[in-house]
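The block underneath contains the structure these notes are about, expressed in structure tokens.
Computed over heavy atoms, backbone and side chain alike; hydrogens, waters and symmetry mates excluded. Residue numbers begin at 1 in each chain, while the letters A, B, ... track the order of the sequences.
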Amino acid sequence: MPEGPSIVILKESVQALQLEGQPLLSVSGTASIDFKRIRNQKLRSFNSWGKHFLICFDDCTIRIHLLMFGSYRINERKDSKERLSLVFKDAELNFYTCSVKLLEGRDEDLYDWSSDIMSRHWAPARALEKLQAHPDALLCDALLDQDIFSGVGNIIKNEALYRSGLQPYNTVAAVPVARLRQLIGDTRRYSADFLHWKKEGTLKAHWAVHTKKVCPKGHTVLKEYTGKTKRRSFFCPLCQELYRDGVGKAGK
DNA sequence: AAGGATGTTGCCTG
DNA sequence: TCAGGCAACATCCT
């Protein structure tokens with residue numbers, strides 16, 4: 001479910017309920033947070049940062065991470081126990097199988113908004129700086145680094161690399177800076193497309209390489225478990241370039 | 001129909 | 001002491 005664009009869909013869904021200003025009448029669930037801290041507090045806003053969904057009060061923020069299996073219901077319940085259930089006058093929000101944390105402070109002070117690929121504050125130049133601070137990192141790892149590309153998950157990683165024509169095994173240092181800039185732009189643009197296609201219900205139909213056996217040009221797609229976290233990478237060795245590490249750098 | 005996955009944390013081990 | 005490995009979370013798709 002949850003890469004950045006899916007969390008934006010969650011945020012937009014609850015924003016449409018117009019609950020801002022309503023007091024939290026009841027809060028419960030199996031999450032181990034201090035419910036007293038937020039009961040009766042007035043909802044200030046909903047927000048998201050990367051894969052984090054944020055419920056904002058005057059001086060504290062609930063952070064929900066859906067991890068791999070998390071789900072939610074709006075004005076509905078599932079059979080399983082709620083990890084967190086929030087009741088307002090006009091609506092009820094239920095979250096399942098997720099990580100819930102209560103953060104002190106306001107959302108705007110808690111995060112670097114320039115790293116959120118879905119944010120209007122996204123700053124590609126800042127992403128390039130952060131990338132270049134990790135010259136030896138593989139692109140597949142760098143894209144999943146939530147401090148650089150907050151909200152990018154495995155699907156966006158694979159599809160953005162395909163769009164950019166770069167293999168996951170490239171190190172940051174080996175790739176010309178113009179192509180790093182292109183990758184940063186493609187990642188942002190694919191994330192916007194992801195949001196659009198997810199809303200349309202056509203996300204999978206638009207995958208070029210993720211879970212595919214052949215790329216759009218008919219070449220065989222490789223599936224390999226790459227990087228520090230051994231996540232699945234799908235890539236086309238013909239359409240996507242591998243720069244030999246150290247090319248152009250003496251002594252390496 | 002068993003196995004794995006759009007993800008992260010935290011515990012255990014060496 | 002610390003880095004790496006991997007179980008846990010519980011659901012859905014292939």
Side-chain angles (χ1 to χ4, degrees), chain A residues 1-13 29-33 48-54 61-74 76-85 94-103 110-112 115-118 134 136-163 168 186-214 221-235:
Chain A
M1 235 9 235
E3 297 191 26
S6 297
I7 303 306
V8 168
I9 290 173
L10 163 56
K11 174 178 68 175
E12 290 178 354
S13 301
T30 59
S32 53
I33 61 168
S48 66
W49 178 87
K51 298 166 190 168
H52 298 193
F53 172 61
L54 305 172
T61 304
I62 301 177
R63 188 209 77 179
I64 293 178
H65 199 306
L66 296 176
L67 300 163
M68 198 81 104
F69 313 117
S71 61
Y72 60 91
R73 291 292 184 274
I74 298 170
E76 283 177 27
R77 290 182 189 184
K78 299 176 62 169
D79 287 336
S80 50
K81 268 194 198 148
E82 283 76 33
R83 179 72 38 88
L84 183 69
S85 177
N94 295 306
F95 298 90
Y96 304 87
T97 327
C98 53
S99 158
V100 179
K101 285 212 166 144
L102 184 52
L103 310 175
L110 292 171
Y111 293 97
D112 174 2
S115 66
D116 179 1
I117 47 149
M118 301 307 291
H134 304 279
D136 298 328
L138 300 184
L139 293 186
C140 56
D141 284 328
L143 280 163
L144 291 174
D145 185 334
Q146 298 300 296
D147 291 329
I148 308 177
F149 297 98
S150 326
V152 168
N154 210 35
I155 296 172
I156 296 175
K157 175 198 83 178
N158 284 326
E159 293 293 305
L161 281 170
Y162 179 77
R163 281 196 179 186
D186 282 332
T187 302
R188 167 81 162 176
R189 286 186 289 274
Y190 178 76
S191 300
D193 288 342
F194 183 126
L195 175 62
H196 176 73
W197 288 328
K198 180 90 180 172
K199 286 177 176 176
E200 240 181 31
T202 63
L203 181 66
K204 287 181 190 180
H206 283 93
W207 285 343
V209 286
H210 188 75
T211 73
K212 310 292 276 189
K213 293 257 194 276
V214 293
V221 166
L222 300 184
K223 169 185 165 183
E224 294 180 6
Y225 291 82
T226 66
K228 288 181 185 166
T229 51
K230 300 276 186 281
R231 303 292 303 278
R232 292 191 301 176
S233 282
F234 296 87
F235 64 97

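Mapping A:Lys204 and A:Phe69 onto DNA chain C via the closest heavy atom, the residue that lands nearer the 5' end is A:Phe69. Residue order along DNA chain B, read from the 5' end via each residue's closest nucleotide, puts A:Leu203 first among A:Ser99 and A:Leu203.
Between A:Asp116 and A:Lys51 there is no salt bridge, since no side-chain N of the basic residue sits under 4.0 Å from a carboxylate O of the acidic one. Between A:Glu12 and A:Lys199, at least one side-chain N (NZ, or NE/NH1/NH2) sits under 4.0 Å from a carboxylate O, which counts as a salt bridge.
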A:Asp193 and A:Arg163: CA distance, side-chain angles, deciding distance, salt bridge (charged side-chain N to carboxylate O under 4.0 Å, His left out) verdict: CA-CA 12 Å; A:Asp193 288 342; A:Arg163 281 196 179 186; 2.6 Å; yes
Chi angles and distances behind the ring-ring contact (aromatic ring centres under 6.0 Å, His included) call for A:Tyr111, A:His52: CA-CA 10 Å; A:Tyr111 293 97; A:His52 298 193; 5.5 Å; yes
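Straight-line distance between the P atoms of C:dG4 and B:dT6: roughly 23 Å, to the nearest whole Å.
A:Lys230 has its NZ atom 17 Å from the C1' atom of B:dT8, to the nearest Å. One can place NZ of A:Lys223 at 9 Å from P of B:dT6, the figure rounded to the nearest angstrom. Separating the CD1 atom of A:Ile117 from the P atom of B:dT6 is a distance of 16 Å, rounded to the nearest angstrom. Atom pair A:Phe234:CZ and B:dG4:P shows a separation of 13 Å (rounding to whole Å applied). Whole-Å rounding puts the A:Met68 CE to B:dG7 C1' distance at 5 Å. We find that NZ of A:Lys228 is positioned 17 Å from P of B:dG7, with the value rounded to whole Å. Between A:Leu144 atom CG and B:dG7 atom P the separation is 7 Å, expressed in whole Å. We find that CG of A:Leu143 is positioned 15 Å from P of B:dT6, with the value rounded to whole Å.
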Secondary-structure string, 5' to 3', Watson-Crick or G-U under 3.5 Å, | for another-strand partners, for DNA chain B: .||||.||||||||
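A:His206 meets the ring-ring contact (aromatic ring centres under 6.0 Å, His included) test with A:Trp197; sequence neighbours excluded. In this structure, A:Thr187 has no side-chain hydrogen bond (donor to acceptor under 3.5 Å, both in side chains) partners at least two apart in sequence or on a different chain. Considering only residues two or more places apart in sequence or on other chains, A:Phe235 meets the ring-ring contact (aromatic ring centres under 6.0 Å, His included) condition with A:Tyr169. Residues meeting the ring-ring contact (aromatic ring centres under 6.0 Å, His included) test with A:Tyr190, sequence neighbours left out: none.
Annotation: A:Lys78, atom NZ; neighbour count of heavy atoms from other residues, nucleotides and ligands within 6.0 Å is above 12.
Running 5' to 3' along DNA chain C, contacts with non-hydrogen atoms of chain A at under 4.0 Å begin and end at C:dC9 to C:dT14.
Within 4.0 Å of A:Thr229, counting heavy atoms only, lies no atom of the nucleic acid at all.
Distances shorter than 4.0 Å separate none of the side-chain N or O atoms of A:Lys51 from OP1 or OP2 on B:dT6. A sub-4.0 Å separation between OP1 or OP2 of B:dT6 and a side-chain N or O of A:His210 is present. Taking only side-chain nitrogens and oxygens, A:Tyr225 comes nearer than 4.0 Å to OP1 or OP2 of B:dA5.
In this structure, A:Leu143 and A:Ile156 have side chains that are not in contact, with every pair of non-hydrogen atoms separated by 4.5 Å or more.
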